[in-house]
Amino acid sequence: MDNLRSDDLMHRQALEILPWYVQRQLGPEESRKMDAHLATCSACRREAAGLARMFNVHEQSIPDRAVDEKRLDALFARIDQYEAERPKVQQRRATDAASVWTRLNEMFAGWLARPALLAGAAAAILAVFVGVPMLDRPASTTQEVLTNAMKDPFRVTFHLKTGQDAAQIEKIIDTARAAGKIAGNYRIESHSTSEYTVVFDQKPDVAAISQLVSEWRNAPNVADVAIDTGPTR
Amino acid sequence: MALQQPMTTEVDDDLALLGRIARQDRVAFEKLYRRHYRRLFHFVTRVVRRDDLAEEVVGDAMFAVWRGAGTFEGGSSVSTWLFAIGYRQALKTLDRNRKHSVVDSDEEALTHVVDTDPAADPEAAAASDADAARLQRAVASLGEHHRVVVELTAIGHSYPEIAEIVGVPENTVKTRMFHARQLMKRFLTRSEQNKATTLTGADSPWTTYAQTI
């Protein structure tokens, strides 16, 4: 006799997970419940048989496809390029992080080597407590940012809103290039699905880039734009 | 079943390979690539519906694997993680190409799928090939959300894995699969009615499956 309910599994629930039962992708507990339900439900047994045949035909319809060796070679070339550039990026980040401490160490070493400077220690400590937060925070004016950033290559980091990708940045940059506000070539480095750094091979005009960054920050798909202000490149 | 999930030893091996990839082992990377290529390519093709785009997506996904191997936390299988990456890359590619009108509509994509299938020629196709072609039509007739769940189930992913790959709750996966089956049955029933005298005959898998409504 067909029951709409088995011991502890509703027929509808059984119907929902039936495809994964057929594909042997249920856990032991769900499989046990399905076994019990199918023993009393001919409708689900028919459905299971149909699904099994469907999956079988589906599998047979998938053609064998060999790996495209040229594409694999191209992928390895891409990896080689990435690995060649990675140490530079890591070194720059490490240098950025270490620079504050390096400056402090040099400062204290100088004082110890020349006791005469100890007289100024109190003032220096005060300066450190004020200066360190200043070093960590973004430069306070556009001019400071640009002074730090106008090194070669010039880098701008974009934080995009959810669902956007590098194509959005290409569009923004290409628009600026078409308007003559940026010259030369550029490449885009992806750090995550939302963070990209654009590396320009030519230094931009200070006034132009200042205006452009303001415009880019207000672009509809952009969450934020930051000029890369690392002290060393 | 050729496309079923890797065996347990392979799952363990995937994890070992990923550990080696995190240490920049190219041999391990190539092994992982070759092991998952066919299933990943097939799945991605069903999302972007073009072989050339699917190749790009597979390349992008595997590049992401190389870059992110060291960040894998083991919360899922490597295969699930890989397919999740592939799915996200496929959606990005699909979105980018839709903007450029590469694939204008589902109808056009369906035509593409059917027209490129050699089994679409009834003169040359055996009955099983015709069944496969009709299955392709039925699956291709589904919307993207339903189609992805069907494809991932067919190649051997559990519903919790599919939930993780697609990024939706498990109950949503079950519901999408349930509705996809109803839609496919309707499609196949119409197909059977329209082609009552075709090669497959009354005992085709699709007749059987459609009759389980």
Side-chain angles (χ1 to χ4, degrees), chain A residues 12-13 15-27 30 42-76 78-83 86 163-168 170-171 190-193, chain B residues 1-5 24 26 29-30 33-34 37-39 41-42 51 55-56 58-59 62-63 66-67 88 92 95-96 99 117 119 128-129 131-136 138-139 150-151 153-162 171 174-175 177-178 181 184-185 204-206 208-212:
Chain A
R12 166 69 188 235
Q13 290 175 299
L15 273 177
E16 281 190 343
I17 62 173
L18 197 53
W20 296 285
Y21 174 82
V22 169
Q23 292 288 75
R24 301 179 189 278
Q25 290 296 331
L26 293 181
E30 281 182 316
S42 62
C44 278
R45 286 198 299 273
R46 282 197 303 275
E47 178 79 8
L51 280 168
R53 298 186 73 173
M54 182 187 84
F55 287 134
N56 187 43
V57 172
H58 180 279
E59 183 182 319
Q60 291 173 0
S61 73
I62 299 171
D64 282 328
R65 185 178 181 90
V67 168
D68 186 328
E69 300 298 335
K70 287 182 180 176
R71 285 190 182 267
L72 182 56
D73 289 343
L75 177 57
F76 273 121
R78 186 179 177 188
I79 287 171
D80 288 341
Q81 183 181 356
Y82 168 74
E83 290 301 334
R86 186 154 73 163
Q164 303 302 319
D165 59 24
Q168 185 64 37
E170 288 177 12
K171 186 178 173 184
S190 170
H191 305 302
S192 69
T193 55
Chain B
M1 292 231 174
L3 278 184
Q4 288 294 298
Q5 289 275 59
Q24 302 183 26
R26 294 164 62 105
F29 179 79
E30 184 171 344
Y33 182 99
R34 292 185 184 281
Y37 173 80
R38 185 181 175 223
R39 293 171 68 246
F41 178 83
H42 168 76
D51 286 2
E55 287 283 13
E56 283 181 22
V58 169
M62 292 306 297
F63 182 62
W66 176 270
R67 293 183 54 178
R88 287 197 296 272
K92 283 183 186 175
D95 186 50
R96 189 162 58 241
K99 288 173 184 170
D117 183 352
S128 60
D129 292 334
D131 287 337
R134 291 165 69 197
L135 173 60
Q136 283 197 10
V139 175
V150 170
E151 292 290 349
T153 303
I155 61 177
H157 284 280
S158 67
Y159 67 80
E161 289 174 339
I162 297 171
N171 281 338
K174 293 179 194 172
T175 304
M177 185 65 184
F178 185 80
R181 286 152 60 196
M184 289 172 67
K185 283 176 183 176
S204 79
W206 305 114
T208 306
Y209 186 57
Q211 285 171 346
T212 62

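Just so you know, these numbers use all the heavy atoms, side chains as well, and skip hydrogens, waters and symmetry mates.
Using a 4.0 Å cut-off between charged side-chain N and carboxylate O, R78(A) and E83(A) make no salt bridge. Salt-bridge formation is not detected for the pair E30(B)/R26(B): no Lys NZ or Arg NE/NH1/NH2 atom is positioned less than 4.0 Å from an Asp or Glu carboxylate oxygen.
The residue among R88(B), M62(B), K92(B) with the most heavy atom pairs within less than 4.5 Å of chain A is K92(B). Heavy-atom pairs under 4.5 Å with chain B peak, among L26(A), D68(A), D64(A), at D64(A).
Heavy atoms closer than 4.5 Å to chain A are found in both the backbone and the side chain of E56(B). F178(B) touches chain A through its side chain: at least one heavy atom from C-beta onward sits under 4.5 Å away, while N, CA, C and O do not. Using a 4.5 Å cut-off between heavy atoms, A66(A) contacts chain B through its backbone alone, with no side-chain atom that close. Looking at L15(A), the atoms closer than 4.5 Å to chain B (heavy atoms on both sides) sit in the backbone and in the side chain alike.
Of the inter-residue distances, the one linking M177(B) atom CE with W20(A) atom CH2 reads 5.5 Å to the nearest 0.5 angstrom.
For the residue pair E30(A) / Y159(B), a side-chain donor-acceptor distance below 3.5 Å is found, with atom types taken as modelled.
In this structure F63(B) satisfies the ring pair (Phe, Tyr, Trp, His ring centres under 6.0 Å) test together with Y82(A), sequence neighbours excluded.
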